[in-house]
Amino acid sequence: MPLIPNDDPAGLDELLGYLGEIGYGELYLRRPDSAASPAAGLREAPGETIAQTVAGLAAAARGATGAAGAAGAGAEAPAAGEDAGAGAAATAADLPGEAAATGAALAALAEAVAGCRRCRLCEGRQRTVFGSGDPRAELMFIGEGPGAEEDRQGLPFVGRAGELLTRIVEAIGMTRDQVYIANIVKCRPPGNRDPQPDEVAACRSYLERQITLIRPRLIVALGRIAAQTLLGNDLPIGRMRGQWFQFMGVPLMVTYHPAALLRNPALKRPTWEDMQQVRDRLHAISA
Ligand code: SF4
């Protein structure tokens, strides 16, 4: 896992920029073009083969309700639209072997989501927002749901909150292309309200299928709604953040949503502390 080496001015620039944002002082450095190498090789299959997963997509395309519920979630250690389908297909064409199969399976799932009408959120959407990033990402971010700009573009975490998430990713020595970003629900709740329980339940199997396909090493839940949904609790974000949990067997860190950081810059520092834990754990996994 690429961290920020001392002799990497691009990565150091990003880190210093972010540290400036969270209160370590204003730092003005030239931002060189970064061309970080893609993350990671392939990992061993964890119980479900790509063929099985692709077969499961047929059920998703028919609108079958997925299983799961809150199964698989829990504390690890108390202390511790059509547009989307096209984008995923393009990514798959560029990847070899198993990674291409994963990309193709994600593209098929994105197509199923683009036509989904399982819940009322389909009525107000302009586009579904399936997710974006590396189909074989080691790190996956999960937010709550699309906002107005995401709904317009069909992409997750665009606009100011998305730009801040990009900087957070870069602050731990990665690029946005190296991670995968998705949401609990794939259609925008009207007025940016919280998704309702029946909407979350209707959409849940899509996210679980994404996780099964991507097989991230770590997940970061962004904000209260994402964390409560994945972990099946009603705890306040302040009691969950900075803690390691598990979801579908994957270690999961809870931190603040970037939009919350925009509203309250004081949250940037604890978020940085959470992300340092994520960076260090990824480093330990890859060591
Ligand atoms: S939010 Fe999810 S379940 Fe509801 S219509 Fe959109 S894709 Fe389907």
Side-chain angles (χ1 to χ4, degrees), residues 53-73 81-89 91-92 102-133 135 140-159 161-162 180-214 216 219 221-232 247-248 257 259:
T53 299
V54 171
L57 296 176
R62 290 192 298 272
T65 303
E82 63 272 13
D83 38 275
T91 301
T102 302
L106 284 169
L109 184 59
E111 288 181 11
V113 168
C116 177
R117 302 190 66 81
R118 287 183 190 175
C119 82
R120 69 184 72 83
L121 294 183
C122 69
E123 296 166 6
R125 74 184 178 212
Q126 294 188 53
R127 298 185 178 190
T128 53
V129 180
F130 179 70
S132 68
M140 184 169 180
F141 290 86
I142 300 175
E144 167 184 333
E149 191 59 26
E150 287 82 6
D151 178 60
R152 193 179 70 77
Q153 296 190 31
L155 294 169
F157 283 89
V158 292
Y180 197 92
I181 303 171
N183 283 307
I184 297 287
V185 293
K186 313 304 186 190
C187 303
R188 181 194 181 204
N192 290 337
R193 65 162 170 75
D194 293 346
Q196 297 177 0
D198 62 325
E199 298 159 353
V200 169
C203 212
R204 188 181 185 100
S205 65
Y206 293 135
L207 177 64
E208 291 175 345
R209 187 66 68 180
Q210 285 176 297
I211 294 170
T212 299
L213 287 165
I214 295 164
I219 293 172
L222 296 167
R224 176 180 60 85
I225 297 296
Q228 289 179 342
T229 298
L230 295 173
L231 300 176
F247 181 71
M248 295 178 66
H257 194 286

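In listed order, ligands and their atoms are each counted from 1. Every value quoted in this text rests on a predicted model; they were computed, and no experiment measured them.
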Is it true that a side-chain atom of D151 and a backbone atom of R125 form a donor plus acceptor pair closer than 3.5 Å?
no

Output yes when a side-chain donor or acceptor of R188 lies under 3.5 Å from a complementary backbone atom of P146, and no otherwise.
no

Indicate the atoms forming the closest heavy-atom contact of F130 with A182, along with that distance.
O-CB, 4.0 Å

Shortest non-hydrogen contact between N183 and F157, atoms and distance
OD1-CE1, 3.6 Å

So R152 and V158, do their side chains get closer than 4.5 Å, heavy atoms only?
no

Under 2.8 Å from atom 4 (Fe) of ligand 1, which protein N/O/S atoms are there?
C119 SG

How close do E123 and R117 get, heavy atom to heavy atom, and via which atoms?
CG-NH2, 4.5 Å

